[in-house]
Amino acid sequence: MKLLLDRHSDTPLYRQIAEQIRELIRTGVLTAGCRLPTVRRLALDHGLTRLTVQSGYAELQTQGLVESYVGRGTFVAERAQTMSIPTARAALSRSAVDPATWRSGSSLLSELVRMGEQPQMLSFAQAIPASSTYPTRELQQALSRVLQHPDALDYGPIQGEAELREQVSPLLLERGIAESPEAILISAGAQQGIDVALRALAKPGDVILAEQPVYPGIMELAAAHGLRVVAIPMDEGGMRVQELEVACSAHRPRLVYTVPTFHNPTGLSLDPDRGEALLALAREHDFLLLEDDVYGLLAYDGEVPLPLKARDQSGRVIYITSFSKSLAPGLRLGALAAGPDWLAPLAAAKQSSDLICSSLMQRALALYLRRGHFASHLQEVRILYRERRDAMFKALDTYLPSCGYTRPRGGLSIWVTLPEDIDEYDFCREATLRGVGVARGQAFFAQPQPHGHMRLCFGSHAPDQIEQGVRVLGELLQDYRRHRTLLLARAGLSAHPLV
Ligand SMILES: Cc1ncc(COP(=O)(O)O)c(C=O)c1O
């Protein structure tokens, strides 16, 4: 048997073996009762250690696809063919979200988008708004009005259309940030805002600190800009200040990136006292705070935390927001608010990136905002998402009672901690095989974690779908345990091969 193994891949070799044999079974190349090569033979043929091959076989065995008999060998299990492994799902399992995607250059974000695009997939993997709430009619009207002036198709100012900045300024005030339109820079979403800030304010080799788990987009950008990211652990109260202080002394960071309000992936918010401590540390250690507030307007209950920028007396907070979560990600529009010292370098970085954001879309959005549609839209989506979040809380309590999870007061995601005996990789992959997409926890960490997690996003599904999807996850957890215990008892194997 010849397998195509990629030694440069981030997927361990034993897993590649298991996945390829699984695919051979799915496509009927290997049928029930077929004998697999001996561990020794496969190891010799591929220049691998026996342990690597054994581990690959053990994984297949744990999945019930093969059976091993002492002295006889390893065979495709009788029931392997009846375990449905549809093509699209198998493709997904091959390209399952990997912890090191940002380092390998293949993007976790596009992986999540692909997962959401599978037609039969009920995907909780992406933190996206409900498409049913997109204001298509109002935007259509605004676009056609704006297009009556051909200059809507001109190059516009680098900083962004004045009329849009004039609308963004009062929106920032709703978050407690008093910034004039002149101090605002329009960006193509928050992702470009982060990109521009990293390029303008840090140089290759600099250290930046970020809370972990972390939004993977910052990791990808930091890698692209040659920056080193040092992880600061977080807990229920957000980034832990003591560890941050130690890291500041040890690494002298240029920037600290944080999502203090309805953090992605946990949905948690920074404790206000910690916010004060963070601002004090920024002054003491002379670093800038990159505050990513894309979820700040999606608050469902309780007091809405003030952003750091609203409390910043020393002009050290670069504030980034966007309309992607609160309105529609396809608009690709966001904004940065920074002190006067930083605006010019930020605008220069923006210019070298893409000159300007679409004048047409900026003007259409400005008109939509000026006509007062956004306030009622926000009211509507807050009610909708609160209902969906609560449906997910309820489903988690009912179907996954052995899992821990966060209880966010806003945002679009819930962070689930898997029980200790569950392997995150296997669980999340099997979930996609059963038609439920989840984002696996490791994707939000730079280093392997002792405990498994998954991020579940609730924004784009109705409560009954949420219930249905979480029920599948609950059944999977039960099956996984039952199945694994049986197999381990029979084969005397460790479920966590040491490779
Ligand atoms: C924390 C965070 N920042 C930035 C982004 C990117 O947002 P945008 O679509 O505005 O570029 C996301 C998207 O998921 C996010 O979760």
Side-chain angles (χ1 to χ4, degrees), residues 97 101-102 107-116 123-131 134 160 164 168 171 184-198 208 210-222 224 229 234 238-239 255-270 289-298 305 307-309 318-337 350 353-354 357-358 361-362 365 385 406 408 410-415 437 439 441 443-445 455-460:
V97 174
T101 38
W102 54 67
S107 162
L108 166 73
L109 298 181
S110 57
E111 181 67 52
L112 297 184
V113 172
R114 270 206 303 283
M115 196 182 281
S123 179
F124 299 132
Q126 266 192 293
I128 47 173
S131 56
Y134 295 160
L164 181 56
V168 169
L171 281 179
I184 291 168
L185 173 70
I186 300 299
S187 67
Q191 186 70 11
Q192 189 188 46
I194 303 168
D195 185 23
V196 158
L198 294 184
I208 63 170
E211 66 235 322
Q212 291 221 33
V214 67
Y215 164 58
I218 178 82
M219 302 300 285
E220 296 190 347
L221 284 171
V229 181
M234 63 177 287
M239 195 188 291
L255 280 166
V256 173
Y257 168 83
T258 178
V259 186
T261 310
F262 313 137
H263 170 258
N264 178 10
T266 64
L268 298 169
S269 295
L270 185 71
L289 276 159
L290 209 55
E291 177 175 29
D292 182 340
D293 193 37
V294 289
Y295 299 99
L297 290 174
L298 297 180
L308 295 169
K309 181 75 182 160
I318 314 293
Y319 178 84
I320 298 174
T321 187
S322 90
F323 291 93
S324 293
K325 312 297 176 178
S326 55
L327 194 58
L331 289 169
R332 304 310 305 139
L333 285 172
L336 287 93
K350 161 75 182 158
S353 168
D354 65 349
C357 292
S358 156
M361 290 312 295
Q362 289 186 71
L365 178 60
Y385 297 151
T406 55
L412 292 172
S413 57
I414 294 175
W415 184 239
F444 302 89
F445 291 99
R455 185 191 67 176
L456 299 181
C457 301
F458 50 82
S460 55

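Atoms considered below: every heavy atom in the structure, side chains included; atoms not considered: hydrogens, waters and symmetry mates. Ligands are counted one by one from 1 in listed order, and the atoms in each one are counted from 1 as well.
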[atom1]/[X] to [atom2]/[Y] distance, rounded to the nearest 0.5 angstrom?
X: Gln126; Y: Arg455; atom1: CD; atom2: CZ; result: 8.0 Å
X: Leu298; Y: Leu412; atom1: CG; atom2: CG; result: 5.5 Å
X: Thr406; Y: Phe262; atom1: OG1; atom2: CZ; result: 12.0 Å
X: Gln191; Y: Glu220; atom1: CD; atom2: CD; result: 7.0 Å
X: Thr261; Y: Asp293; atom1: OG1; atom2: CG; result: 5.0 Å
X: Cys457; Y: Lys325; atom1: SG; atom2: NZ; result: 8.0 Å

Heavy-atom contacts with [X] under 4.0 Å: which atoms of ligand 1 show up? List them by number with element.
X: Gln191; result: 6 (C), 8 (P), 11 (O)
X: Tyr295; result: 1 (C), 14 (O), 15 (C), 16 (O)
X: Ser324; result: 8 (P), 9 (O), 10 (O)
X: Gly189; result: 10 (O), 11 (O)

For this session: Compare Leu331, Asp292, Leu412 and give the one whose heavy atom is closest to atom 3 (N) of ligand 1.
Result: Asp292
Are any of the N or O atoms of [X] closer than 3.5 Å to those of ligand 1?
X: Ala190; result: yes
X: Tyr215; result: no
X: Gln192; result: no

Exercise. Aromatic rings Trp415 and Phe445: how do their planes relate, parallel, tilted or perpendicular, breaks at 30° and 60°?
Worked result: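 Correct class here is tilted.
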Exercise. Relative to ligand 1, is Arg332 under 4.0 angstrom through side chain, backbone, both or neither, heavy atoms considered?
Worked result: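 The side chain, only.
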For this session: Between Ser322 and ligand 1, find which residue part has any heavy-atom pair under 4.0 Å and reply side chain, backbone, both or neither.
Result: side chain
